[in-house]
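Below is one structure; the comments refer to it alone.
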Amino acid sequence: MAGNGIKAAALIRDGGAKAKLTAARFYAIAKDPATQEKTKKLVDDGKKVYEALTSPEAKRLYRQAADLVKQARKK
């Protein structure tokens, strides 16, 4: 059993080192200006898509399409 405890401690120690390394990589990527530009563009695009899908016009069109589908199923 003593061997298992040592192995577990080694895994925890190695896991912590790997987590620190991964966090450092993410931080370096996040600080990159090109990555920030891409992220901002994707967020802006996502906002535009969300606004388009939740607009009153989109809701109206969805209801119309749903009505057409219901009518087609009845026939």
May I have the list of side-chain donor-acceptor pairs in residues 48-63 shorter than 3.5 Å, sequence neighbours left out?
from: T54; atom 1: OG1; to: Y50; atom 2: O; distance (Å): 2.7
from: S55; atom 1: OG; to: A52; atom 2: O; distance (Å): 3.1
from: S55; atom 1: OG; to: A58; atom 2: N; distance (Å): 3.2

Side chains of residues 36-45: which donor-acceptor partners sit under 3.5 Å, not counting sequence neighbours?
from: Q36; atom 1: NE2; to: A30; atom 2: O; distance (Å): 3.0
from: T39; atom 1: OG1; to: T35; atom 2: O; distance (Å): 2.8

Would you tabulate the side-chain donor-acceptor contacts of residues 20-28 under 3.5 Å, counting partners in other chains and residues two or more places apart, or write 'none'?
from: T22; atom 1: OG1; to: K18; atom 2: O; distance (Å): 2.9

